[in-house]
Amino acid sequence: MAEPLVKKDDDRDDEVDYSPFMGIEKGAVLQEARVFNDPQLDARKCSQVITKLLYLLNQGETFTKIEATEVFFAVTKLFQSKDTGLRRMVYLMIKELSPSADEVIIVTSSLMKDMNSKTDMYRANAIRVLCRITDGTLLTQIERYLKQAIVDKNPVVASAALVSGIHLFQTNPEIVKRWSNEVQEAVQSRAALVQFHALALNHQIRQNDRLAVSKLVTSLTRGSVRSPLAQCLLIRYTSQVIRESGVNTQTGERPFFDFLEACLRHKAEMVIFEAARAITELSGVTSRELTPAITVLQLFLSSSKPVLRFAAVRTLNKVAMTHPLAVTNCNIDMESLISDQNRSIATLAITTLLKTGNESSVDRLMKQITNFMSDIADEFKIVVVEAIRSLCLKFPLKYRSLMNFLSNILREEGGFDYKKAIVDSIVILIRDIPEAKEGGLFHLCEFIEDCEFTYLSTQILHFLGNEGPKTSDPSKYIRYIYNRVILENATVRASAVSTLAKFGALVDSLKPRIFVLLRRCLYDSDDEVRDRATLYLNMLGGDGLVGETDKDVKEFLFGSLDVPLVNLETSLRNYEASEEPFDISTVPKEVKLQPHTEKKAPGKKPSGLGAPTSGPTSAVDAYEKVLLSIPEFSGFGELFKSSAPVELTEAETEYAVNVVKHIYDGHVVFQYNCTNTIPEQLLENVTVFVDASEAEEFSEVASKPLKTLPYDSPGQSFVAFEKPEGVPAVGKFSNLLKFIVKEVDSTTGEADEEGVEDEYQLEDLEVVAAEYMLKVGVSNFKHAWDNMGADCERVDEYGLGVRESLAEAVSAVINILGMQACEGTDVVPSNARSHTCLLSGVFIGNVKVLARISFGIDGPKQVAMKLAVRSEDQVVSDTIHEIVASG
Amino acid sequence: MQESCPTVKSILLLDSEGKRVAVKYYTDDWPTLSAKLVLEKSVFTKTQKTNARNEAEIIMFDGYIVVYKFIQDLHFFVVGGDDENELILAAVLQGFFDAVGLLLRNNVDKKTALENLDLILLCLDEIVDGGIILETEGSVIAGKVATNGLDSAGSLTEQTISQALATAREHLARSLLK
């Protein structure tokens with residue numbers, strides 16, 4: 001500016017913070033705004049004041065209602081000035097103030113005058129301002145002018161009217177629809193952006209008229225569209241038409257596909273990309289259709305512009321999820337992106353490669369990634385580690401190189417979250433790929449030799465104690481564990497002592513040597529370490545005393561605490577030092593909260609160190625503890641499976657109830673988790689009355705009511721049923737919640753003595769065949785299948801009738817059986833006509849089951865399948881077939 | 001808003017410390033001032049260390065795509081939804097960037113931008129209206145902003161508006177010849 005807004009102080013020139021708005025204050029600027037009322041307007045001064053007001057608003061300052069009204073009225077005076085620059089600032093200011101309806105009337109006439117002015121800039125801006133602040137009633141008055149403006153020869157005016165139309169359509173669609181003739185005319189405009197805006201508005205007016213959209217697309221795809229933006233819009237509309245019309249069944253051709261393909265040769269990159277993206281997103285796209293789109297995206301991958309590379313790799317990443325083979329051609333280009341400066345691009349490239357990579361390319365890929373890892377941030381490294389983990393589960397045979405990679409990066413620098421992600425991955429691989437166990441444990445041992453994170457060290461020591469003794473040569477881990485006792489802090493030392501004890505308990509040959517090591521720990525400087533050593537020596541009989549029985553020792557070392565920690569804490573707090581020692585058996589075992597529901601969130605597999613590692617049934621350990629503490633259920637034997645909680649009430653009802661189904665060999669226990677959401681009520685003697693008339697094979701044997709259910713403190717009520725042993729009995733149960741309700745005084749929190757009986761209808765619950773199946777995967781299905789042998793095999797074919805799609809049929813069958821899909825065979829390529837699905841699981845009675853299912857679909861979507869089941873028991877193989885036949 | 005029309009959610013012009021020079025929001029994705037400031041802070045910190053001085057850069061987070069470009073102590077950002085065509089957003093960014101360059105006669109830094117804040121605000125007003133792209137050609141945007149300075153030729157210091165317009169026309173002609 002010729003003159004800065006605030007008088008510039010020369011001394012300040014060098015100061016970094018110099019700003020013309022320094023020290024600006026709302027009150028002072030509002031005072032300055034009085035110049036708007038001067039009879040002789042100083043246009044420049046007024047412009048400066050408006051700029052200051054806009055600056056304040058832009059910095060997040062707000063005006064009170066009174067201030068805004070005052071400024072608004074003052075600003076309207078400025079319409080008297082002929083200064084164009086000032087007028088533009090006035091327009092901006094009015095839009096920012098968004099005046100109320102009665103204020104709008106004040107400026108309407110001024111703006112309408114400007115709308116018909118000879119200055120095009122005035123007209124365009126006045127239209128935009130007026131349409132922004134207007135309401136429906138005023139709109140009918142100015143409608144005539146707007147219709148004219150749409151077909152105005154000045155493109156800025158036409159665009160202003162069209163864009164305003166797009167906004168007004170949200171509030172006044174009926175009025176805007178009347179402009180359709182003018183809009184149609186504007187679509188043919190020679191001005192690039194007018195055509196774009198007209199196209200957008202035209203589509204909006206006709207969006208519910210499929211025929212009209214189709215006609216519009218037909219005429220425009222042949223004609224000439226001038227701006228790249230309009231062309232992009234047309235591509236989007238074309239995709240919509242394609243989506244709605246489907247594939248021509250006779251020729252297999254898609255209407256308008258030629259147009260999309262032609263757009264791939266457009267001169268503007270945004271159009272090429274829009275078309276390529278549209279093609280990849282076509283439903284049921286064939287590889288022939290994909291090829292040209294992939295080719296242009298591949299070219300973009302080596303562009304010098306980061307935005308282009310990002311757009312291309314992001315789209316290819318999506319394609320790789322459904323058509324990994326189509327993307328493999330780009331793998332070379334993608335590999336060079338691993339070292340891209342832009343880390344979003346590099347990470348997308350890596351994860352795409354890990355999706356498309358086949359077994360043979362894994363080794364080369366790992367080499368590439370190794371170079372890349374050193375110079376990216378931890379958050380990206382974690383993404384990569386997670387991708388590698390899933391790759392390893394996909395190609396278990398490649399565990400060696402992937403495990404090597406993980407152990408290498410484990411040795412390098414990195415923060416806690418990153419290291420934890422790596423350790424978690426190794427633990428998961430050890431759990432899922434038996435062959436990887438010894439190597440993996442060894443890598444973890446190496447890691448704790450030089451690990452700065454106490455948490456990770458103790459977790460690994462714990463894991464080592466559970467897994468190490470079961471390996472072929474447990475003695476080789478002892479050195480690493482004992483080194484911890486010598487070198488680490490007290491927390492880690494104590495963990496190491498426990499781990500040593502576990503080795504001693506499980507491996508008899510090591511016992512004497514473990515005793516020697518434990519005795520050395522008796523002189524540790526930390527009391528916890530000394531106490532543990534003493535305890536374990538006594539238990540294992542190391543001091544020549546008679547140790548506890550073998551079973552007790554193992555229970556003590558490997559079992560988890562059988563009382564809830566919260567309860568234990570409360571009991572210990574209440575315990576007063578006296579002659580009588582603290583007795584852990586006095587701690588109540590009833591769980592006050594619902595500790596396991598959040599852990600068992602649907603679809604979330606327990607992972608990492610916190611996850612159970614000792615076989616399929618341990619996921620239900622926690623439930624088992626609760627159930628064992630209830631004498632009525634203790635005779636049911638081993639718990640086979642617990643379902644995820646199923647809601648029996650709508651969200652936000654008075655009482656929230658969900659049910660967990662516990663399956664035993666000859667029994668089923670329903671655990672009703674109840675929550676009372678009314679503060680003024682206390683519920684007592686809460687029982688669930690179950691009607692099993694639609695579940696013939698079940699008969700109720702026990703019911704355990706919940707004594708009290710105060711507000712917002714969940715509790716459990718149980719009902720147990722007997723059912724034929726080992727049989728996957730199914731049925732439907734209806735549930736009625738019965739209780740005594742007592743009023744609670746909200747001020748004192750005390751409940752009335754007298755209560756009223758009441759009941760509350762819950763939704764029905766079902767026990768289905770899948771409840772009797774545990775999802776247990778195998779790493780190498782073919783190997784497992786061959787090992788199982790065909791002794792108890794049963795093969796049969798089934799028609800599934802007309803299904804929505806092949807994928808839908810596959811997932812329905814997997815759900816009915818409740819088995820684990822192996823080797824990613826639950827994913828069906830979108831245009832596949834046939835598919836083979838490999839399933840594995842453990843059936844009630846701990847019988848391993850494998851299933852190989854071949855699906856086929858024909859033209860009218862008839863689906864048929866061939867089901868081959870192998871298990872250790874012919875009866876079970878037949879049962880699986882029965883589930884399918886009757887389900 | 002309509003699904004199929006390309007939409008800009010926000011345009012931000014921040015300084016080298018992440019403070020506002022001028023910002024514009026076109027959607028209710030960030031309803032409060034504090035939500036807006038949180039966005040600006042994370043956009044700024046996530047991009048701060050990258051080199052976006054030659055080519056426009058891009059980042060995706062929290063379900064938004066952000067394209068950005070830096071010059072001197074000014075950081076230009078355009079924010080869109082994660083299903084938006086990245087290249088359209090980049091075109092808007094380039095248009096904004098070029099227009100500001102023309103209007104400030106290549107003296108693009110925070111000080112000059114604040115001294116000419118009226119031009120920057122008008123420029124934003126001519127690029128996007130309520131999320132809909134009005135114009136992406138930098139020279140045309142600058143031309144629209146500058147025309148209204150014709151009478152009050154005080155907005156630019158050393159060089160006159162007509163000179164700025166001349167450069168704008170030159171740019172326009174070149175882009176037509178391409």
Side-chain angles (χ1 to χ4, degrees), chain A residues 1-5 18-21 43-44 47 50-51 54-55 58-60 82-89 92 95 121 128 132 156 159-160 163-164 166-167 170 193 196-197 200 203-204 207 228-229 232-233 236-237 240 269-270 273-274 277 304-308 310-311 314 341-342 344, chain B residues 1-6 19-24 33 36-37 50-52 55-61 65 67 73 85-91 93 110-111 114-118 121-122 125 129-137 140 144-145 147-157 178:
Chain A
M1 303 218 153
E3 278 177 14
L5 292 167
Y18 169 75
S19 153
F21 299 105
R44 183 177 302 164
S47 280
I50 292 184
T51 308
L54 289 171
Y55 172 83
N58 218 285
Q59 295 296 318
K82 295 271 180 282
D83 186 286
T84 47
L86 177 58
R87 185 65 57 85
R88 286 294 307 275
M89 298 310 284
L92 274 192
K95 279 202 267 190
M121 261 343 265
R128 282 168 54 202
R132 169 75 63 87
V156 183
S159 278
V163 170
S164 299
I166 294 173
H167 295 313
Q170 310 302 321
L193 280 141
F196 164 59
H197 296 130
H203 179 259
Q204 205 163 30
Q207 59 191 348
L229 280 173
C232 287
L233 215 46
R236 292 183 189 186
Y237 299 155
Q240 185 194 346
E269 282 160 347
M270 77 167 69
F273 174 67
E274 186 75 42
R277 193 172 73 155
S304 63
K305 295 179 190 161
V307 175
L308 219 51
F310 176 90
R314 186 159 80 109
Q341 288 286 318
N342 183 315
S344 299
Chain B
M1 282 288 281
Q2 64 276 39
E3 281 167 26
S4 42
C5 193
K19 295 210 188 72
R20 285 179 174 187
V21 174
V23 297
K24 202 79 190 139
L33 176 66
K36 291 182 172 83
L37 292 173
T50 55
N51 177 15
E55 291 286 356
E57 276 289 346
I58 183 163
I59 186 172
M60 184 170 71
F61 67 93
I65 300 234
V67 290
D73 52 358
N85 181 330
E86 292 90 338
L87 304 183
I88 293 180
L89 296 176
L93 175 73
K110 180 188 174 188
K111 181 164 161 272
L114 283 174
E115 281 170 359
N116 295 282
L117 188 68
D118 51 345
L121 293 174
L122 287 173
D125 187 55
D129 182 294
I132 310 247
I133 299 164
L134 281 177
E135 179 59 70
T136 57
E137 184 59 51
V140 179
K144 281 196 205 170
V145 173
T147 39
N148 81 104
L150 272 176
D151 302 328
S152 65
S155 294
L156 301 175
T157 34
K178 259 193 270 187

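Below, all heavy atoms of this structure are taken into account, side chains as well, without hydrogens, waters or symmetry copies. Residue numbers begin at 1 in each chain, while the letters A, B, ... track the order of the sequences.
- In this structure, the separation between CD1 on Ile59(B) and CZ on Phe310(A) is 8.5 Å, given to the nearest 0.5 Å.
- Panel note: side chain Asp129(B), backbone Ala160(A); no donor-acceptor pair is recorded below 3.5 Å.
- With a 4.5 Å cut-off on non-hydrogen atoms, Ser164(A) does not touch chain B at all.
- Inter-residue side-chain proximity for Pro6(B) and Arg236(A) is flagged as met; some heavy-atom pair is nearer than 4.5 Å.
- Going from atom CG of Leu121(B) over to atom CG of Leu54(A) covers 5.5 Å, rounded to the nearest 0.5 Å.
- No part of Arg87(A) comes within reach of chain B, as not one of its non-hydrogen atoms sits under 4.5 angstrom from that chain.
- The two residues Asn58(A) and Val23(B) have their closest heavy-atom pair at OD1-N, 2.8 Å.
- For a residue to count as touching a neighbouring chain, one of its non-hydrogen atoms must lie under 4.5 Å from one of that chain's; by this rule Leu229(A) touches chain B with the side chain only.
- The minimum heavy-atom distance linking Asp125(B) with Arg88(A) is given by the pair OD2-NH2, 3.9 Å.
- The two residues Leu134(B) and His197(A) make their nearest non-hydrogen contact at O-CE1, 3.6 Å.
- Annotation for Ile133(B) and Phe196(A): closest pair O-CE2, 3.6 Å, computed over non-hydrogen atoms.
- The CG atom of Asp118(B) lies 5.0 Å from the CE atom of Met89(A); values are rounded to the nearest 0.5 Å.
- Of all the heavy atoms in Leu193(A) and Glu135(B), the pair that sits closest is CD1-OE1, 3.0 Å.
- Side chain of Glu115(B) to backbone of Pro20(A): no donor-acceptor contact under 3.5 angstrom is found.
- Residues Gly130(B) and His167(A) share a closest heavy-atom pair of O-CE1, 3.3 Å.
- For chain B, the nearby part of Val163(A) is the side chain; its heavy atoms alone come within less than 4.5 Å.
- Note: Asn85(B) CG to Leu233(A) CG = 11.5 Å, rounded to the nearest 0.5 Å.
- At a 4.5 Å heavy-atom cutoff, the contact between Ala311(A) and chain B is made by backbone and side-chain atoms alike.
- For the atom pair CG of Leu308(A) and CD1 of Ile58(B), the computed distance is 9.5 Å after rounding to the nearest 0.5 Å.
- The distance from the NZ atom of Lys305(A) to the CG atom of Leu87(B) is 8.0 Å, given to the nearest 0.5 Å.
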